[in-house]
2 protein chains.
Amino acid sequence: MSLPKDKTPETITVGDAPKAVVNRLSFYLRELQNLLASGTATISSSQLGKRLGFTDAQIRKDLAYFGHFGYPGVGYRCDELIAKIKSILGTDRFWPVVLVGVGNLGRALLRYKGFDKQGFRIVAALDSDPDKIGRLIEDIPIHGLNEIQAVVSSRGIRLAIIAVPANDAQTVANDVVAAGVVGVLNFAPVTLILPPHVHNVGVDLAMELEQLSFAVVNSPPKS
Amino acid sequence: MSLPKDKTPETITVGDAPKAVVNRLSFYLRELQNLLASGTATISSSQLGKRLGFTDAQIRKDLAYFGHFGYPGVGYRCDELIAKIKSILGTDRFWPVVLVGVGNLGRALLRYKGFDKQGFRIVAALDSDPDKIGRLIEDIPIHGLNEIQAVVSSRGIRLAIIAVPANDAQTVANDVVAAGVVGVLNFAPVTLILPPHVHNVGVDLAMELEQLSFAVVNSPPKS
DNA sequence: GCTTGTGAACGTTTTCACAGCG
DNA sequence: CGCTGTGAAAACGTTCACAAGC
């Protein structure tokens with residue numbers, strides 16, 4: 001990395017890592033977990049790269065942002081590297097999450113089994129529909145939107161998933177942020193405007209298909 | 001762009017556009033549709049940039065990959081630019097889509113209302129569970145996995161959404177590709193290995209939360 | 001032997017800054 | 001005047017290639 005004219009080398013934090021690197025870290029973690037589950041103890045950057053479609057050099061560079069995790073001549077120990085990456089991503093701890101919006105998508109997310117393994121759990125759900133409030137889905141109680149503040153602060157929640165209609169998303173986002181949430185995963189097809197200290201990840205299902213559509217339309221003619 | 005030493009200028013296709021550019025195109029489209037719906041007829045690159053968190057120059061450069069769509073002194077006409085971007089993304093046509101896996105997530109996707117507006121519709125669903133086969137969800141019939149070939153070819157389907165458990169995803173992917181699908185939107189938390197002519201977009205819900213977790217953990221201490 | 005970690009080279013993407021136009 | 005479109009410059013990310021280590 002570029003050299004630190006900065007007087008305090010300690011400020012060269014891991015947070016400076018390019019977004020693309022952090023994103024790939026999640027891919028490495030997922031594959032390493034699969035590898036470990038299938039009995040693989042160590043793996044080289046080139047083997048891992050082949051499985052994921054990255055170059056070996058890129059994997060090594062990415063990991064080198066955060067430390068020296070490999071063994072020359074051997075590769076990386078899966079269990080060790082998993083622990084390191086989890087620690088970098090912050091998923092070595094438990095993250096309680098609040099879900100806002102218990103529609104079709106919200107219900108599916110409540111029942112989704114993949115969060116727990118990575119350290120996340122939806123511990124509370126909110127909705128504006130009086131018919132839903134008070135019900136339980138997968139043992140998770142559904143609260144009214146007005147209880148946001150109480151739910152978030154009593155359970156130490158820092159992350160929210162927003163799965164409400166597009167028209168309500170910005171209002172809901174404002175509310176969860178006011179309640180203390182600092183990270184938002186937004187499934188509504190709108191760009192949220194949030195204060196700078198709040199992190200934002202958007203997933204727009206139609207947009208993902210659009211990217212496929214473009215790729216298909218612009219592919220080598222006959223291939 | 002760099003100049004074409006290439007003898008055949010027609011080969012300078014739009015397909016060469018960086019992925020990041022194409023991805024932003026989807027953001028532009030979404031915002032323009034919202035703007036038009038709220039009565040805005042024209043918008044400048046800097047106004048659009050402010051709403052989306054991009055710079056004005058970036059928006060102009062991105063659009064310039066594909067043509068001259070703006071009016072100096074005025075900006076861009078929303079309706080016109082929407083049509084242009086749709087044409088570039090290929091969403092000016094109708095895309096029938098097959099869904100594989102009618103679990104929690106699959107059912108939510110079947111009921112999701114946001115696809116139609118962008119040109120996509122799930123026209124058939126497949127599952128391996130005999131109890132589900134033959135049922136209708138949102139007027140969509142659920143077929144057995146063995147009917148992939150028939151469903152895909154009879155309906156001219158080129159895109160598939162995979163929402164099956166991680167262990168089944170690669171097998172299902174192989175099957176839909178064999179049936180003629182050339183674009184896969186994969187919700188299973190695994191990296192699929194697909195032939196080069198098949199395009200692949202993955203959405204891993206836990207991974208999205210991991211990216212948030214990293215951002216939160218590595219934020220300016222007190223902010 | 002094989003594999004990591006890394007400076008240096010390379011290529012790509014973003015930003016700058018301004019000429020040209022309505 | 002405001003805004004686009006675009007070369008040129010700057011920033012950034014990736015790949016190369018090899019010294020060092022097991």
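- Position along DNA chain D of the nearest nucleotide to B:L63 versus A:P18 favours B:L63 as the more 5'-ward residue.
- Set against C:dT4, C:dC16, D:dT4, the side chain of A:P72 has C:dT4 as its closest nucleotide.
- At least one side-chain nitrogen or oxygen of B:S45 sits closer than 4.0 Å to the OP1 or OP2 atom of D:dT4.
- Residue A:I148 holds its CD1 atom at 11.5 Å from OG of A:S153, rounded to the nearest 0.5 Å.
- Looking at which nucleotide of DNA chain D each of A:V21 and B:G75 is closest to, the 5′-most match is held by B:G75.
- Atom CD1 in A:I59 sits roughly 13 Å away from atom P in C:dT3 (whole-Å rounding).
- Residue B:L194 is tested with B:V176, B:V177, B:V182 for a side chain to side chain contact (heavy atoms under 4.5 Å, CB included); the sole match is B:V177.
- Counted by atom type alone, B:E80 and B:Y71 present one or more donor-acceptor pairs between their side chains at under 3.5 Å.
- Separating the CG atom of A:D56 from the C1' atom of D:dA17 is a distance of 11 Å, rounded to the nearest angstrom.
- Contact between the side-chain N/O atoms of A:H68 and the OP1/OP2 oxygens of D:dG21 is not found at any separation under 4.0 Å.
- Of all nucleotides listed (C:dT14, C:dT4, D:dT14), D:dT14 comes nearest to the side chain of A:R24.
- The distance between atom CZ of A:F66 and atom C1' of C:dG5, rounded to the nearest whole Å, is 15 Å.
- A donor atom on one side chain and an acceptor atom on the other are found under 3.5 Å apart for A:Y28 and A:D62.
- In terms of phosphate contacts, A:Y76 brings a side-chain nitrogen or oxygen within less than 4.0 Å of OP1 or OP2 of C:dG5.
- At a cut-off of 3.5 angstrom, the base of C:dT15 holds at least one donor-acceptor pair with the side chain of B:K61.
- Atom CG of B:D62 and atom C1' of D:dT4 are 14 Å apart (whole Å).
- A:T91 and A:Q118 share no side-chain donor-acceptor pair at under 3.5 Å.
- A close approach under 4.0 Å does not occur between any side-chain nitrogen or oxygen of B:R60 and OP1 or OP2 of D:dG5.
- The side chain of B:R77 places no N or O atom within less than 4.0 Å of a non-bridging phosphate oxygen (OP1 or OP2) of D:dC3.
- Picking from C:dT15, D:dT15, C:dT3 the nucleotide with the shortest atom distance to the side chain of A:T55 gives D:dT15.
- The interatomic distance linking A:Q58 (CD) with D:dG13 (P) rounds to 11 Å, in whole Å.
- For B:L48 and D:dG5, the CG to P distance is 13 Å, given to the nearest whole Å.
- Rounded to a whole Å, the CZ atom of B:F54 is 10 Å from the P atom of C:dT14.
- Going from atom OH of B:Y65 over to atom P of D:dT4 covers 19 Å, rounded to whole Å.
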